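Computed from a prediction, not measured in an experiment: that's the story for all the values here.
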Amino acid sequence: MADFPVLIFLMIAGAAAYAWWNASRAAAERAAAVGRHACQAAGVIWLDQSVHASGLRLRRRADGRLGLERSFRFEYSEDGVQRHVGRLVLHGEELVRFSGPARAAQAVVLH
């Protein structure tokens with residue numbers, strides 16, 4: 001009977017860890033879609049077919065609630081030889097900052 005509270009705690013901790021992992025994966029997939037779309041719109045090559053998480057912090061949303069802001073970087077090339085770094089920031093599902101291929105500025109919509 002004494003193991004019951006420990007089991008409940010482990011189940012809650014496992015559910016929290018799964019929710020954290022799931023939210024992180026969803027944000028990385030959203031970031032990859034934004035990076036891929038920006039590179040296609042700019043007519044450049046999206047290198048490595050992936051994004052890399054580069055930062056995480058708490059930030060207030062427009063409605064005043066706290067939310068996670070995740071930063072990602074990706075690489076692209078205009079000529080297939082030189083690599084350039086693009087960066088984007090997601091606040092929840094919302095794109096709040098982008099720097100990347102110059103010609104993609106019109107295609108990437110913030111918020």
Side-chain angles (χ1 to χ4, degrees):
M1 216 47 164
D3 290 334
F4 185 70
V6 173
L7 182 59
I8 294 294
F9 174 76
L10 288 175
M11 289 173 61
I12 292 171
Y18 174 75
W20 176 268
W21 175 81
N22 197 34
S24 296
R25 288 303 327 140
E29 289 172 8
R30 168 89 168 108
V34 169
R36 184 181 323 107
H37 176 68
C39 289
Q40 287 173 346
V44 298
I45 304 164
W46 186 43
L47 300 175
D48 303 330
Q49 307 299 308
S50 65
V51 294
H52 307 280
S54 60
L56 176 71
R57 69 180 188 160
L58 281 174
R59 186 159 189 166
R60 293 216 178 267
R61 297 180 184 191
D63 62 4
R65 295 184 345 187
L66 281 176
L68 288 177
E69 183 178 89
R70 290 180 166 92
S71 302
F72 296 90
R73 66 179 182 79
F74 62 96
E75 294 185 348
Y76 63 94
S77 177
E78 295 174 350
D79 58 6
V81 176
Q82 290 187 341
R83 288 179 171 259
H84 303 281
V85 176
R87 290 179 168 68
L88 58 99
V89 177
L90 296 175
H91 194 203
E93 287 283 316
E94 188 177 328
L95 179 66
V96 294
R97 206 167 311 129
F98 177 84
S99 68
R103 293 174 286 185
Q106 301 87 357
V108 175
V109 179
L110 298 179
H111 299 286

Taking side chain as C-beta onward, heavy atoms only, is Val89 less than 4.5 Å from Arg57? no

Shared hydrophobic cluster, Leu56 / Leu58 (ILVMFWY, side-chain heavy atoms < 4.5 Å): yes

What are the two closest heavy atoms between Tyr76 and Cys39, and how far apart are they? CB-SG, 3.7 Å

To the nearest 0.5 Å, how far apart are CZ in Arg30 and CD in Glu94? 9.0 Å

So do the side chains of Ile8 and Leu10 get within less than 4.5 Å of each other, counting heavy atoms only? no

Taking Arg61 for the side chain and Arg65 for the main chain, is one N or O donor matched with an acceptor at less than 3.5 Å? no

Which atom of Ala31 lies closest to which atom of Leu90, heavy atoms considered: N-CD1, 3.9 Å

With side chains defined as the heavy atoms from C-beta onward, is the minimum distance between Glu69 and Arg97 less than 4.5 Å? yes

With a 4.5 Å heavy-atom cut-off, do Leu88 and Leu95 have their side chains touching? yes

The test is side-chain hydrogen bond (donor to acceptor under 3.5 Å, both in side chains); show your working for Asp79 and Ser77 and say whether it passes. CA-CA 6 Å; Asp79 58 6; Ser77 177; 3.3 Å; yes

If you compare all heavy atoms of Phe98 against all heavy atoms of Ala38, which two are closest, and at what distance to 0.1 Å? CZ-CB, 3.5 Å

Quick check with a 6.0 Å cut-off and a 45 degree axis cone: is Arg70 positioned over the face of Trp20's six-membered ring? yes

Straight-line distance of Arg36 CZ to Ser50 OG, nearest 0.5 Å: 10.5 Å

Here the gap from Phe74 atom CZ to Asp48 atom CG, rounded to the nearest 0.5 Å, amounts to 12.0 Å

Can you confirm whether Gln82 is buried at CD, in the sense that more than 12 heavy atoms of other residues, nucleotides or ligands lie under 6.0 Å from that atom? no

Ignoring hydrogens and geometry, is there a side-chain-to-backbone donor-acceptor pair from His91 to Arg59 under 3.5 Å? yes

